[in-house]
Amino acid sequence: MALSIATWNINSVRLRIGLVEHFLKTHAPDILCLQETKCPNDQFPSKPLKALGYEHIVMHGQKGYHGVATISRVPLTELVERRDYCGVGDARHLSVVFRHGAKSIRLHNFYVPAGGDEPDRTINPKFGHKLDFIEEMKLLHAEAEAGISSILVGDLNIAPLEHDVWSHKQLLKIVSHTPVEVDGLTEVMTKGAWVDLMRRKIPADQKLYTWWSYRAQDWNAADRGRRLDHIWSSADLEAHLSEITVLREARGWERPSDHVPVIATFDL
DNA sequence: ATGGTCGATCGTCGA
């Protein structure tokens with residue numbers, strides 16, 4: 001029985017609700033996790049999503065900034081969590097639990113702080129916040145709850161591997177690919193026993209990006225991308241992963257997000 | 001080496 005989970009930093013869900021509808025119509029994931037919805041909960045555009053069969057919507061929004069939402073066509077349980085990482089009141093995490101066949105699965109939806117421009121916490125508090133957020137994520141274990149498998153998706157704002165960026169050497173001092181962030185995210189994975197599902201299907205020696213800056217004249221020709229969006233799971237789900245799709249074409253849609261959807265399909 | 005572009009909101013911050 002197939003299960004598909006998608007993640008997409010939408011960069012304003014109200015502005016791009018048409019693109020979300022198009023994506024749901026053409027790819028029909030069972031569940032879509034959005035980040036950077038930039039939308040208070042009472043203004044979330046639920047109606048067109050429900051009309052497409054996505055009747056189960058859990059939001060964690062705030063005015064103007066951040067915000068995550070999980071949109072599902074399969075029922076979700078009452079076991080919803082919204083964790084306030086770093087205790088600053090940002091809407092950057094949401095997790096839900098659903099059943100699929102014999103399994104119960106907790107699905108975490110994360111929007112990790114971008115961290116500003118200067119990779120030095122003594123002069124840039126935003127970078128310090130990012131490092132503290134990652135530190136707190138190290139406490140999250142893929143097997144935290146007995147009998148519940150885990151999937152973790154989202155915009156983690158870190159490209160950990162050499163071929164997750166267009167130039168490893170030129171980005172070593174650029175926030176998202178600095179050694180302190182990469183080491184931190186790697187430790188989140190190892191301590192929590194998470195599996196990087198995208199790299200189980202696309203080998204680490206191949207370039208793989210999910211984000212291209214708005215600032216490039218021609219994002220496609222320059223192809224200076226980064227893999228900032230991720231799909232991880234607990235070890236028990238790895239053997240059931242059938243496909244990973246990075247929807248690069250979405251970067252070329254009209255008025256696009258700077259991130260593209262990533263979809264994991266399981267056979268469970 | 002620098003600047004380049006977006007979105008929410010309405011001067012400026014965050015990315």
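Each chain gets a letter, A, B and so on, in the order its sequence line appears, and its residues count up from 1.
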Measure from [atom1] on [X] to [atom2] on [N] and round the result to the nearest Å.
X: E118(A); N: dG14(B); atom1: CD; atom2: C1'; value: 16 Å
X: N9(A); N: dA15(B); atom1: CG; atom2: C1'; value: 9 Å
X: N11(A); N: dA15(B); atom1: CG; atom2: P; value: 11 Å
X: Q35(A); N: dA15(B); atom1: CD; atom2: C1'; value: 14 Å
X: I17(A); N: dG7(B); atom1: CD1; atom2: C1'; value: 16 Å
X: L15(A); N: dT5(B); atom1: CG; atom2: P; value: 18 Å
X: I10(A); N: dA15(B); atom1: CD1; atom2: P; value: 17 Å
X: Y65(A); N: dG7(B); atom1: OH; atom2: P; value: 15 Å

Residue pair K63(A)/D117(A) against DNA chain B: nearer the 5' end by closest nucleotide is K63(A)

Closest nucleotide of DNA chain B for R92(A) versus for P40(A): which of these residues is on the 5' side?
->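 The residue mapped nearer the 5' terminus is P40(A).
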
Please report whether the ring centroid of [Y] lies less than 6.0 Å from that of [X].
X: W253(A); Y: H22(A); result: yes
X: H93(A); Y: H60(A); result: no
X: Y209(A); Y: W166(A); result: no

In residues 210-224 of chain A, which residues come under 4.0 Å of DNA chain B by heavy atom?
->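 Heavy-atom contacts with DNA chain B come from Y214(A), R215(A).
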
Under 4.0 angstrom between R14(A) side-chain N/O and dA8(B) OP1 or OP2 |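 Checking dA8(B) against R14(A), no side-chain N or O comes under 4.0 Å of OP1 or OP2.
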
N/O (side chain, K126(A)) to phosphate O (OP1/OP2, dG14(B)) under 4.0 Å = yes

Only pairs under 3.5 Å count here: list side-chain donor-acceptor contacts from residues 67-78 of chain A, not counting sequence neighbours, and write none if there are none.
from	atom 1	to	atom 2	distance (Å)
T70(A)	OG1	N109(A)	ND2	3.3
S72(A)	OG	V74(A)	N	2.9
S72(A)	OG	V74(A)	O	2.5
R73(A)	NE	D30(A)	OD1	3.2
R73(A)	NH2	A28(A)	O	3.1
R73(A)	NH2	D30(A)	OD1	3.3
T77(A)	OG1	L79(A)	N	3.1
T77(A)	OG1	V97(A)	O	3.2

[atom1] gap between [N] and [M], integer Å:
N: dC6(B); M: dT2(B); atom1: P; answer: 23 Å
N: dG3(B); M: dG7(B); atom1: P; answer: 22 Å
N: dG4(B); M: dA15(B); atom1: C1'; answer: 14 Å

Side-chain donor or acceptor of K130(A) paired with backbone N/O of N157(A) under 3.5 Å = yes

Between D267(A) and S242(A), does any side-chain donor sit less than 3.5 Å from a side-chain acceptor?
-> no

Other hydrophobic cluster members with L228(A), side-chain heavy atoms of Ile/Leu/Val/Met/Phe/Trp/Tyr under 4.5 Å, chained?
->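 The other cluster members (ILVMFWY side chains, heavy atoms under 4.5 Å, direct or chained) are W211(A).
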
